[in-house]
Visitor: 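Sharing a structure with you now.
Chain identifiers are assigned alphabetically (A, B, ...) following the order of the sequence lines, protein sequences preceding nucleic acid strands; residue numbering begins at 1 within each chain.
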Amino acid sequence: GGQSDDGGTVGTEDGDLSPLDKKTTVLIAEDGAASGAGFYIAEEKGYFDAYNIDVKFTKFANSDDMLPALAAGEVDIAGGISTASFFNAIAQGIDVKIIADKGHYFDGASYFSFVVREDLKDKIKDYSDLKGKKIAISSRNSVDDYIYHKMLEHAGLTEDDVETVIMSDFGNMLAAMGSGSIDAALQIEPLITQGEKEGLHVRFKDATDFAPKAQIAMVLGSPDFVKKDKDVSLRFMTAYLKGVRDYNDAFLKDEGKEEIIDIMTEYTALKDPALWEKVAVTGLDPDGAMFVEDIKSQYKMYKKNGATRGDFDFEKSVDTSLTQKAVDILGEYK
Amino acid sequence: MKELKHDPHAVEQEEWKKRQWKERGKQLLTIASPVFILLLWEVVSRTGIVDARFFPPPTEIVGTFVSMSASGELFHHIGISLVRIFAGFLLGVIPAIVIGLFMGLYSPIRHFFSPLIMALMPIPTLALLPIILIIFGVGEVSKIVTIAGSVFFPVVINTVAGVVNIDRIYLDVATNYGADSKNFFFKIALPGALPVMLEGIQMGQAIALLTIVAAEMMGANSGIGYLIWTSYKAFLLPEMFVGLVLISFFGYLFSLLLRGLQSKLLPWR
Amino acid sequence: MKELKHDPHAVEQEEWKKRQWKERGKQLLTIASPVFILLLWEVVSRTGIVDARFFPPPTEIVGTFVSMSASGELFHHIGISLVRIFAGFLLGVIPAIVIGLFMGLYSPIRHFFSPLIMALMPIPTLALLPIILIIFGVGEVSKIVTIAGSVFFPVVINTVAGVVNIDRIYLDVATNYGADSKNFFFKIALPGALPVMLEGIQMGQAIALLTIVAAEMMGANSGIGYLIWTSYKAFLLPEMFVGLVLISFFGYLFSLLLRGLQSKLLPWR
Amino acid sequence: MKISMDALTKVFYKKGQSVTALEGINLGIEDGEFVCLIGPSGCGKTTLLRILAGLEKPSTGEFAIASSGQDRPLQSMVFQERGVIPWLTVKENVSFGLKMRHVPKAIVKERTAYYLEKVGLDKFAHLYPKELSGGMKQRVSIARAFANDPEILLMDEPFAALDEQNKFILQEELLSIWSETKKTVLFITHSIDEALLLSDRILLMTSQPGRINEEIRIDMPRPRTMEDVRSDATMTDHFVRIRNHLDREVQGSRT
Amino acid sequence: MKISMDALTKVFYKKGQSVTALEGINLGIEDGEFVCLIGPSGCGKTTLLRILAGLEKPSTGEFAIASSGQDRPLQSMVFQERGVIPWLTVKENVSFGLKMRHVPKAIVKERTAYYLEKVGLDKFAHLYPKELSGGMKQRVSIARAFANDPEILLMDEPFAALDEQNKFILQEELLSIWSETKKTVLFITHSIDEALLLSDRILLMTSQPGRINEEIRIDMPRPRTMEDVRSDATMTDHFVRIRNHLDREVQGSRT
Ligand SMILES: Nc1ncnc2c1ncn2[C@@H]1O[C@H](COP(=O)(O)OP(=O)(O)OP(=O)(O)O)[C@@H](O)[C@H]1O
Ligand SMILES: Nc1ncnc2c1ncn2[C@@H]1O[C@H](COP(=O)(O)OP(=O)(O)OP(=O)(O)O)[C@@H](O)[C@H]1O
Ligand SMILES: [Mg+2]
Ligand SMILES: [Mg+2]
């Protein structure tokens, strides 16, 4: 970005912000996940345009690859899951800001949850049945590990009671299900639905049973973008929340769902509109609010496991001021 | 028993034609073998010997290919990747040849560089991505550099091997006839190393394709590699296989082109 | 001006010793060059020419290495990966040599296999992981197979090149003296192809190391590759660099060993 | 008849261009005969030997080699380019043919040692070819053919770059092997003296395309010495005749 | 003195083992002299030439070649192994030396064509070496040295495997080049006749270690023919003397 500050936070008549004087480009790093819905919708519905913001999407295979790009100012905004990686990066002076929600659970329909192998669905009925089973998670010291431990705790098990398999890729988990070399996995949508359709695994209960208020993914901002370009970043956030609200309208209130699904099929790899009716969609808070306490407790776990380095200052790194100001402009979501 | 053919020229021409036919037969074999594998795959996939969910039969992949081509987007992906591959390939091959020739000719240079090459070569591209990203940004350059980086190694190694294996007598002749270093380079080292070097380039070509997925894992919005990993992440296996088959196809095509180039470049063999 | 030395044997022995010294000097160069790079890295990292957050100076990496070694866990990682690398290397190299020799000697076999090799080689390992998982499960075998799969290609290509480049006269001699196919294989094709083949094996060695990260990305709990990608994922860059430096170090070590083997295997050069 | 050739013709053809290396060779060689082949450079001598050695196929015409049915190789060739295999030591090169035929180890060892001594290379047995002089490599390749003990020896300028003395020793050796074992020898040389000294019959070839247009039977009793050859009047006639033949051929091919 | 050698000794040393190839060579060669070197196989002749060609360094002793200061190469060698470069055509091989010296294109073309014709390969100018016969490759390598027009010609058995007629033509050619251009020639051969025919002086070498223990000055007026050489009584004496020398040396080295 880059804009002088006199473009003004001057509001328009309806209380909304005026467009920027000069067209400003914002670069968003994405990994093609459904949790980027707010960006996609805001772009397609012209909310960014209305503020004279030109957004460009650039894709990364992995949210961890985005951190260096973000810190180096190569991109302005990134989305990512919570991992020890953030905290370590931030503690090492990579001044990335956590600025908004990008994924949490909808009660009873978790988009990031456990599955068990199809042929074991009758044997594994309850959490305690997982004892002695081979369970795949995608990484250590990340939200995956956190949810996994919450689940084990809930089941009254410890890691010694099960066999943990680390698989770097969710796709590989499907393959491993196919070959019968794992019994359960912490899987993500849309692969949960696809795997069910293919008869590889079945959804196993729901993650909200034990971690209802987990903060899975967040919107991250580059230090320059958040601190220096206040005009741009506030407008960006406002437009983003408009998009998120449309998303909530569609999936919670069934308003304008068709249009939203159209947008989603265009931007994500899930190209089948019918499937969008089935998948457990990502929860995105219409006000951008996060479960900050949960982030803290994740951090505590990483720290306990010795996976973090240095100290992490939540006050400095979690910056909710943008969302708050944007909500002030937009009003509470009802 | 003895049936005398009276024109040996005709016979030998016939023989030559037969050889040409045989050559063509072998070329046919070259075309037949991928077809054979595809057929085999179709059969084992259709009959359920392998899991069709993971290995959709080629016909299904072709179907996906057709529907993907219809939108024209696929060709956009292909075009973008080909540009990156070519650029990366050239950017890797040219310095590799130059450095390789120097290393082959001057043993102190060889001794200085070869441990570095041997130490850097096994560094996984994946671990280099953030470094490349920081230095070259998220644009095209970083993708081209990623490809160039992995192409470099096989070419440099085979160029060195090619030079070192040149028969000493040719070096002696060049020395005796007063070849200056430029001529030594271009008249002796380069052509003498060419056969083995071309094998390295053949490998480099494959590696350029191999690396396109990694290169397009950062900050890309299109390309075959992008198509592969996004499809894989979404477990859209037919789409992923379209990407993989495209990679294979280009690997096959480029290797045929290089083989053609090879016989042009080595008329003396 | 003219100072006659009276014992040419002594002179030549002296000369030889000098050469030996020079050889040692070159070996020193071989050791010096990585040291030089590490020093350079230290300096540019310490002075902030490169971002020390992403490239921690080697001394810091050494510190991390020491504290990691203290627990003994690091050696467990190294041990496990080395076993996988060796097993995968052998499993890739042996069939590559055999198939490469056959391909080099019999042109129909060559024409049949080479397009397959050229088409399969550019398939990214990452995309093969699910396939390997399905066939071999998440155990050790799948990791070894992954490594073997990528080692195979450079070795087979260079073996073919080695055989094809053997001077025709030696093939004629073998034919004329009635070599059976076994002898043809072991007395002519194998030793004749050896110099170029060994370059392929040198490359294969590096690729075995290169692939350990990918191999240990599926269902591993230990190993250098596991260390690298988990550290990378956790943004513990010094730990990741410990892993990378270990890989580099082994790349360097193995290449020295192979160079040693090379001069043992090729006494006739 | 040990070797018989009938209208043997060899054409090298490549993309519309063709070179006739041999044309209509009709030739019979008796068992135990020593035949020399003389002709200008490039006339097809090597090509003829390569056809008999099974390394090249004739374009038209036929040839046959009669086997004695013994457990001996039919033919062994001494190549013009030597073909000393660089990755085998001198000793391994000499024993190459025997090993290929799976001759018992003890015999291989004995025969190899015997011929190494004959060619004067016993002290160099463990060296690799790169450490030898040109003439020494040539002797390795001759010893290899002798040691293999074939029914027919095909020798392509085997003594060309040997010094006079080594040549002399090896000529003697060849003749003694020949007379003891009744081998058939087909021998290419450019030295008329050598041909006169060694052969029962000399075949003269024309320059490209190579034809056999004259043959000279040498009836001089054996053993012959070079002095005998040079002082004998018939031999001098032969010498002049061959020389004139070559003269014509080379002049013809050069204009 | 064009070439002077002073106590030149060459030892090949490898891990405790050593071979003395040359020992205490003292030799002066006048400008324009034609000198032949004769000695048993492996005595160090090639090594001596390689030292003069700057391809090998003497162990002890010294040598010097006086330059005339003209814009001509000091020396060119015809190698025993020929060294015809396989990736260059016949024509490119012959013009190799000229091109290395950046001689103007027109002159390169003219001289290459001239010497290709002299060695009788003009029709084969565009072929690659693999399509040539053994003798033709040899002629390529001779033409390359001639075309380069050096002050000194170092020739290692250049005519060894040529047929008599080509050998004769090229000997004539060599002599005419020599007499026209006053080149210094150092020539290795195994043919005593050839040495007698060509040289001003013949140097005889002992077998390993190679020493020059005799030299014979040939005073017969030029032009000489082979017939002259064979019929002349002094020459016959020389012939016998050289022959005996070689006899002794080879016998000596073989026991
Ligand atoms: N590179 C080398 N390493 C070891 N020994 C060598 C080497 N080159 C030559 N020799 C030895 O030096 C001696 C002389 O070799 P040289 O090639 O000079 O002989 P020559 O007189 O040219 O023989 P010929 O007539 O057979 O060509 C030989 O005994 C040979 O084995
Ligand atoms: N592989 C080939 N391709 C094309 N032409 C060839 C090939 N081999 C030989 N010739 C040609 O065939 C002719 C005869 O060659 P060959 O080698 O038989 O001659 P030669 O009588 O042995 O000569 P020399 O005495 O010089 O060795 C030559 O003109 C040569 O150019
Ligand atoms: Mg020949
Ligand atoms: Mg020699």
Side-chain angles (χ1 to χ4, degrees), chain B residues 26-27 29-34 37 51 54-55 107-108 111-116 118-127 130-131 134 153-154 157-158 160-161 165 195-196 199 202-203 205-214 225 228-229 232 240 244 247-252 254-256, chain C residues 26-27 29-34 37 51 54-55 107-108 111-116 118-127 130-131 134 153-154 157-158 160-161 165 195-196 199 202-203 205-214 225 228-229 232 240 244 247-252 254-256:
Chain B
K26 284 178 194 165
Q27 276 164 21
L29 213 57
T30 300
I31 290 163
S33 73
I37 288 292
D51 195 332
F54 295 103
F55 308 103
S107 73
H111 280 83
F112 186 81
F113 278 107
S114 75
L116 296 183
M118 289 309 160
L120 290 178
M121 188 173 171
I123 300 278
T125 322
L126 232 62
I131 297 172
I134 289 171
F153 294 103
I157 288 182
N158 268 27
V160 176
N165 286 325
V196 176
E199 297 304 321
Q202 188 68 273
M203 234 177 279
Q205 166 268 115
I207 286 183
L209 285 163
L210 186 67
T211 317
I212 190 72
V213 176
I228 289 174
W229 73 259
Y232 176 54
M240 179 185 89
L244 291 181
I247 294 261
S248 280
F249 169 74
F250 284 112
Y252 169 67
F254 295 160
S255 76
L256 286 190
Chain C
K26 284 177 195 165
Q27 275 163 21
L29 214 56
T30 302
I31 290 164
S33 72
I37 289 293
D51 195 331
F54 297 107
F55 308 103
S107 73
H111 280 83
F112 186 81
F113 277 107
S114 77
L116 296 183
M118 289 309 161
L120 290 179
M121 188 173 171
I123 300 279
T125 322
L126 232 62
I131 297 173
I134 288 181
F153 294 104
I157 287 182
N158 267 29
V160 176
N165 286 326
V196 177
E199 297 305 322
Q202 188 68 273
M203 235 177 281
Q205 167 267 113
I207 286 182
L209 285 162
L210 187 67
T211 317
I212 190 73
V213 176
I228 290 173
W229 74 263
Y232 175 54
M240 178 185 91
L244 292 180
I247 293 261
S248 280
F249 169 73
F250 283 113
Y252 168 66
F254 294 162
S255 76
L256 287 190

Visitor: Which atom pair, heavy atoms only, marks the closest approach of P34(B) to P115(C)?
Guide: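 Where P34(B) meets P115(C) most closely, the heavy atoms are CG-CB, 4.3 Å.
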
Visitor: How close do P122(B) and I247(C) get, heavy atom to heavy atom, and via which atoms?
Guide: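 Nearest pair, atom of P122(B) first, then I247(C): O-CG2, 3.5 Å.
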
Visitor: Flag the one option from L209(B), I228(B), I207(B), L29(B) with the top tally of heavy-atom pairs under 4.5 Å to chain C.
Guide: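 Sorted descending by pairs with chain C, the first entry is L29(B).
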
Visitor: Taking side chain to side chain donor-acceptor pair (under 3.5 Å) as the definition, give me every residue that meets it alongside S114(C), ordered by chain and number, with sequence neighbours left out.
Guide: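 In terms of side chain to side chain donor-acceptor pair (under 3.5 Å), with neighbours along the sequence ignored, S114(C) is linked to no residue.
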
Visitor: State which residues pass ring pair (Phe, Tyr, Trp, His ring centres under 6.0 Å) with F250(B); sequence neighbours excluded, sorted by chain then number.
Guide: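 Counting only residues at least two positions away or on another chain, F250(B) forms a ring pair (Phe, Tyr, Trp, His ring centres under 6.0 Å) with F254(B).
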
Visitor: Mind ranking A32(B), G225(B), A161(B) by heavy-atom pairs under 4.5 Å with chain C and telling me who comes out on top?
Guide: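 Heavy-atom pairs under 4.5 Å are most numerous for A161(B).
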
Visitor: Any idea which of L244(B), L256(B), V196(B) has the most non-hydrogen atom pairs under 4.5 angstrom with chain C?
Guide: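 Sorted descending by pairs with chain C, the first entry is L244(B).
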
Visitor: What residue in M121(B), K26(B), M240(B) has the most heavy-atom pairs under 4.5 Å with chain C?
Guide: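 Counting heavy-atom pairs under 4.5 Å, the top option is K26(B).
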
Visitor: To the nearest 0.5 Å, what is the distance between CD1 on I157(C) and CG on N158(B)?
Guide: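 I157(C) atom CD1 to N158(B) atom CG measures 9.0 Å (nearest 0.5 Å).
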
Visitor: Measure F112(B) against the heavy atoms of chain C and call it side chain, backbone, both or neither at under 4.5 Å.
Guide: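 Answer is both: backbone and side chain atoms of F112(B) are under 4.5 Å from chain C.
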
Visitor: Once rounded to the nearest 0.5 Å, what's the spacing between atom CD1 of I131(C) and atom CZ of F55(B)?
Guide: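 Answer for the CD1-CZ pair, I131(C) versus F55(B), is 4.5 Å.
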
Visitor: Indicate the atoms forming the closest heavy-atom contact of S248(C) with A119(B), along with that distance.
Guide: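 Closest pair (atom of S248(C), atom of A119(B), distance): OG-O, 3.0 Å.
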
Visitor: If you measure from CE on M118(C) to CD on Q205(B), what distance do you get to the nearest 0.5 Å?
Guide: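 Interatomic distance, M118(C) CE to Q205(B) CD, rounded to 0.5 Å: 7.0 Å.
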
Visitor: Could you walk me through whether I123(C) and L210(B) satisfy the side-chain contact (heavy atoms from CB on, under 4.5 Å) test, starting with their C-alpha distance in whole Å, then the side-chain angles of each, then the deciding distance to 0.1 Å, before giving a yes or no?
Guide: CA-CA 6 Å; I123(C) 300 279; L210(B) 186 67; 5.7 Å; no

